[in-house]
Amino acid sequence: MHAEYNPLELLVCIGSRIIEDNSTVFVGTGVPMAATMLAQKLHSPNVILIFEAGSVAPQMPGLPISVGDSRTSHKALIASTMNDVMGACQCGRVDYTFLGGAQIDMYGNLNSTMIGDDYQQPKVRFPGSGGANDLASFCWRTVVITPMDDRRFVPEVNFITSPGYLSGKGAREKAGLPAGTGPYKVITNLCILGYDDDTCRMRIESLHPGVQVETVQENCGFELLKAENLEITPAPTAEELRVLREEVDPDGYIIGR
Amino acid sequence: MHAEYNPLELLVCIGSRIIEDNSTVFVGTGVPMAATMLAQKLHSPNVILIFEAGSVAPQMPGLPISVGDSRTSHKALIASTMNDVMGACQCGRVDYTFLGGAQIDMYGNLNSTMIGDDYQQPKVRFPGSGGANDLASFCWRTVVITPMDDRRFVPEVNFITSPGYLSGKGAREKAGLPAGTGPYKVITNLCILGYDDDTCRMRIESLHPGVQVETVQENCGFELLKAENLEITPAPTAEELRVLREEVDPDGYIIGR
Amino acid sequence: MYEDLIGLDSGIEELFVDPDPDNAREYFRGKSRALSNKVTTVEQAVSVLIHDGDYIAVGGFGHVRIPTAVIYEIVRQKKRNLGLAGHTSIYDSDLLATAGCIDRCDISYVIGYEIRGLSASSRRAFESKAIRKTDWSNGALAWRFAAGAAGLSFLPSRHMLGTDTFKHSAAKTIVCPFTGKRFCALPALYPDVAVIHVHAADSYGNGQITEGIRISDPHLARAARKVILSTERLIPHEDIRANPQATAIPYWCVDAVVEVPYGSHPGNMPGEYWFDEDFFKMYLDCVKTEEGSRALYDEYIYGVEDFEGYLDKIGGVKKMRELRAIEKLIYADRG
Amino acid sequence: MYEDLIGLDSGIEELFVDPDPDNAREYFRGKSRALSNKVTTVEQAVSVLIHDGDYIAVGGFGHVRIPTAVIYEIVRQKKRNLGLAGHTSIYDSDLLATAGCIDRCDISYVIGYEIRGLSASSRRAFESKAIRKTDWSNGALAWRFAAGAAGLSFLPSRHMLGTDTFKHSAAKTIVCPFTGKRFCALPALYPDVAVIHVHAADSYGNGQITEGIRISDPHLARAARKVILSTERLIPHEDIRANPQATAIPYWCVDAVVEVPYGSHPGNMPGEYWFDEDFFKMYLDCVKTEEGSRALYDEYIYGVEDFEGYLDKIGGVKKMRELRAIEKLIYADRG
């Protein structure tokens, strides 16, 4: 069965399922754009997509290349400013955000800034926050979509670009972040992860078809908790894959075909 | 000569002369609207009028009744929001504001809020600041246009609605108001008043035709200083009066004809 | 203690609305994001969404683009103990104060009718202790809405400082951590209900202000817990999507949409109709006495069933055509 | 001391631009408000208005509605030691970093090309100490421009808290005087020069963004001491007055107006033309090595006299017609 889809297609398909109809979703660049567009075409036609450059609820004629390009405002309800949509987000009107990142730790903290010890002369420099820190701070639920390996899932991120649960339960509120917000799920090519209510630590909640707990743990640089009832993720359906390949990303920008 | 114009016409005509071409003028309601419109028609066609509801540089087809009505945005350069124009003002882009007020003191502090001792149960309640406090705080130069008598020109205003020089030199800056701003002129039906550089107290600078210093002082509840060289204000010209009556305020909203 | 240490000043009057953004966030979290049909009647919108004791705010500029029909209905339904944001307010606050609907008010402009003078009935109402008062400037209230729209508890600004407007506000001062300079701190204003009139809206509540200025309405709509959107005309949803730059008010802020042609009369609706100056003159004349005021309200508000009944009284479509002609400069010699 | 008393935190990196609003006010006081003809050439605008050492900011969204022609000219004129607001920046910051024009940067997004991956030359530049760095989020930089546009020294917000983005910023924390809650305080950002590309402008510099989102450009234009406005087309002054709601940028902010058709290539200009993906692919390929990078810049920037020369190289009007067809959905099977 695995041969039928590549890891990115798996990511996008599983990611898309989490998107509720009639919810507001603030979309980061890359995989999240494909996942939300797939959800819109399959099961959540009235999901309200919001893009940081200022667009709300477009009817996109094709996959955007940028969260600020003209497809994100095509037949939108509002085409305004970054301040306007960030304000909507900060005042609690946005349910989900979908983000990526180069590194993630057990509390869901994300690094998209740098690797190394010297901030001014990093070993590797990444783009930085973009809107990710804003969205992870303001939106009610942060969903991360990322391939899983132990270079990404690390005991300690080199740089907390965007806040997960920071150092654990209560730390977000203590830092001043809006109450009740934080990491919700991590969707990988191996499993779906959530967070333990008491410790705010990452835990395995659903294994993708054919994946064992051991495989997941081997691909993670820290110890994962496990939900009491581990589920098995349904594999991408033929319909999901067809719509993804033919309608969402025919040029393979995201899924690489 | 006095018979040729009424005190309000005099006020508007003299007031209009202070308006420089290519300057930005934030206009309060009433007499200032007529004065700026007269200036625009006579000698300052490119004065940039700004109205607090969000309009910039209209070509008004008639005298506005309100600083927020549709005439203030007729063929304007910008029709935006109160925040936008207040921001322009707060960041120092506006040269003049023209205001009225029920009471004024020797430091140019204005009361348009109330008379009495009990704020919650005033003897007389007026509208309040409107945008006047904002404009008197932010604009570089505040010009007041008002008829003169000793009930308006009082030793101490009952309520400082909009800041003049507050308690004197340096008080505005100490309170936190932007540096270099403050009262500039007071235009009345009797004279033009300015402010003494050292004390920030009001002083007579120009007497209208036929008016004596004594008359001005009699109509003022506090002692006025006098400029070294008192000037005589040129009387309203036939052309000023014609344009005012025929083009600016044919219905007599402001000038009461 | 914090305040003692750094010598902050504080206005002495009452803060009527909770500025805590986490409480507002919690409310907004529960608000539907569905694109559902919200079209209703003025009567229903007011009876369902506005409760005695609520704090309300009105869009437009007091006598420009005001939701007159909704204000009349609030009066007609005899709502009581309302709080009001008296921001650029004229005919709107006058009606509510004269009719005894409000018991507290954040004032930046009330009573006055700009160049037409003052309303005697408003003045009586605001001079009484029956309305608890806190003063601000128009800019201050505009920024208080902006703070709410951005999900904050305050915004800094540089006005009101050193004045009695500050003293009789509920603002505070704050020191800028970068420059050490003193600023006015304005508490966010999250009204319970905002009532806003626009040119065009779809049935979901996406509102477009197609002519003239927008004043504080975009921020007000975003800061309010509930919004009643009154519109000159309903337009198809697709027309909103054809011009998303013009959407001043997002549907997710809006709880009820009411279509009220001429709904701003006697106010000016930019691009649609000019002020009804004859009406305002008559109104200001009548309210000079309490008897005159009562008779006027009986005739034009309590004595009619709805706004259409009122429109008949003030001269109907014929009158509105005249006001439209002035607005459109069709009679150059009028107004 | 004030900070000790109330336990404020502070980011540890450099604040590149003075946030004092009184200094900005003094500058804006001296700026002409006359409606004068500001049309000039790209070459003149850059040589007269941008000086070595200036701090600049670029409108648009990094590869959407960017003023490419002006950025190329900055590179061509070999401006040095510029500061840059790396806000939503992509091709713009890449060009300036690769060409060695900047020595400091407020970073919220650089190096990346969204779904296309990263620029190797930008990465090399930003990994070096030759560019002093301070990090922020996109929202933070947007609000820093908003603070400038409003004539403030700071604005409060609720992001960056608890993160290394805060630690490596120049933000501070502040306590809300109304709720006692902790906020991030963002210093106002008043750039020396902003460079912004719009759809239409008159000769005085009134700029209209007629399609798509406005991002941070209205605030950026208002916060910057000087503005170079690049426009797809000049329009008559009367056309601005016919639609004042669409004016995103007021003339009084603007110092130079340059008409540059296709001026955002290879970026997307909403309503006009789509990204030139072939060019970006070629570009990102070439800059993988320093030699490739040099050759590319020699050919497309240093080796042409102006943007029209560059347009000839990338395929001229024929190419732009293709990109326009994609943008306008004329070929549904492309892009």
Side-chain angles (χ1 to χ4, degrees), chain B residues 29-30 33 51-55 61-63 65-70 72-73 76 79-83 86 89-90 109 111 113 119-138 157-163 166-167 171-172 174-178 251 253-254, chain C residues 13 60-64 86 88 90 107-112 114-116 118 123 126-129 132-133 135-140 142-143 146 157-165 168 173 181-184 211-219 268-271 274-275 277 327 329 332 335:
Chain B
T29 200
M33 295 195 297
F51 294 90
E52 66 186 65
S55 178
L63 186 70
I65 286 176
S66 163
V67 291
D69 73 31
S70 49
T72 67
S73 55
S80 64
T81 62
M82 180 177 283
N83 281 278
M86 288 289 178
C89 214
Q90 194 167 237
N109 299 305
N111 177 14
T113 303
Y119 167 76
Q120 291 294 346
Q121 199 166 15
K123 256 209 293 221
V124 185
R125 174 75 211 197
F126 301 118
S129 158
N133 178 291
D134 307 309
L135 309 187
S137 298
F138 301 153
V157 295
N158 266 241
F159 189 106
I160 301 182
T161 308
S162 304
L166 299 173
S167 60
R172 285 176 69 94
K174 204 176 152 209
L177 293 170
D251 295 324
Y253 271 112
I254 305 287
Chain C
E13 305 300 339
F61 198 85
H63 51 163
V64 179
T88 71
I90 296 179
I107 299 177
S108 61
Y109 189 90
V110 296
I111 302 172
E114 298 200 43
I115 68 176
R116 297 181 203 99
L118 303 172
R123 182 173 249 180
F126 281 100
E127 284 172 357
S128 139
K129 275 202 161 148
R132 284 136 57 206
K133 294 169 274 288
D135 264 69
W136 309 84
S137 66
N138 271 343
W143 273 316
S157 66
R158 307 189 78 185
H159 45 188
M160 307 217 303
L161 296 161
T163 66
D164 292 317
T165 305
H168 289 283
T173 59
K181 295 193 174 183
R182 199 181 180 71
F183 284 79
C184 178
E211 285 213 37
I213 66 288
R214 292 187 292 276
I215 313 146
S216 300
D217 295 9
H219 286 141
N268 163 223
M269 186 68 186
W274 187 240
F275 299 107
E277 286 304 313
E327 175 70 10
L329 307 175

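In what follows, every chain begins at residue 1, and chains take the letters A, B, ... in the order their sequences are listed.
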Item to check | Contacting moiety of C/N268, where chain B heavy atoms sit under 4.5 Å | outcome: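 For C/N268, the side chain is the part near chain B, not the backbone.
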Checklist entry - If you tally heavy-atom pairs under 4.5 Å against chain C, which of B/N83, B/T81, B/T72 wins? => result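 Heavy-atom pair counts peak at B/N83.
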Item to check | Largest heavy-atom contact set with chain C, pairs under 4.5 Å, which of B/C89, B/S167, B/P122, B/S66 | outcome: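 Heavy-atom pairs under 4.5 Å are most numerous for B/S66.
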Heavy-atom proximity to chain C below 4.5 Å, by part of [X]:
| X | value |
| --- | --- |
| B/Y119 | both |
| B/Q121 | both |
| B/L166 | side chain |
| B/S55 | both |
| B/V124 | both |
| B/F51 | neither |
| B/S73 | side chain |

Next on the checklist: Once salt bridge (charged side-chain N to carboxylate O under 4.0 Å, His left out) is applied, do any residues pair with B/R172, and if so which ones, sequence neighbours excluded?
Outcome noted: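 Listed in chain order: nothing, the list is empty.
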Checklist entry - Is the NZ or CZ atom of C/R116 both under 6.0 Å from the centre of the six-membered ring of C/F275 and within 45° of that ring's axis? => result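 Verdict for C/F275: a cation-pi partner in C/R116.
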Checklist entry - Is it true that C/W143 and C/H159 have ring centroids separated by less than 6.0 Å? => result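 Aromatic pair counts; centres sit under 6.0 Å.
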Which one of [options] has the most heavy-atom pairs closer than 4.5 Å to chain B?
| options | result |
| --- | --- |
| C/E277, C/E211, C/R158 | C/R158 |
| C/A142, C/S128, C/G62 | C/A142 |
| C/T88, C/V64, C/I111, C/I115 | C/I115 |

Item to check | Contacts of type ring-ring contact (aromatic ring centres under 6.0 Å, His included), residue B/F159, not counting sequence neighbours | outcome: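 B/F159: ring-ring contact (aromatic ring centres under 6.0 Å, His included) contacts with C/H168.
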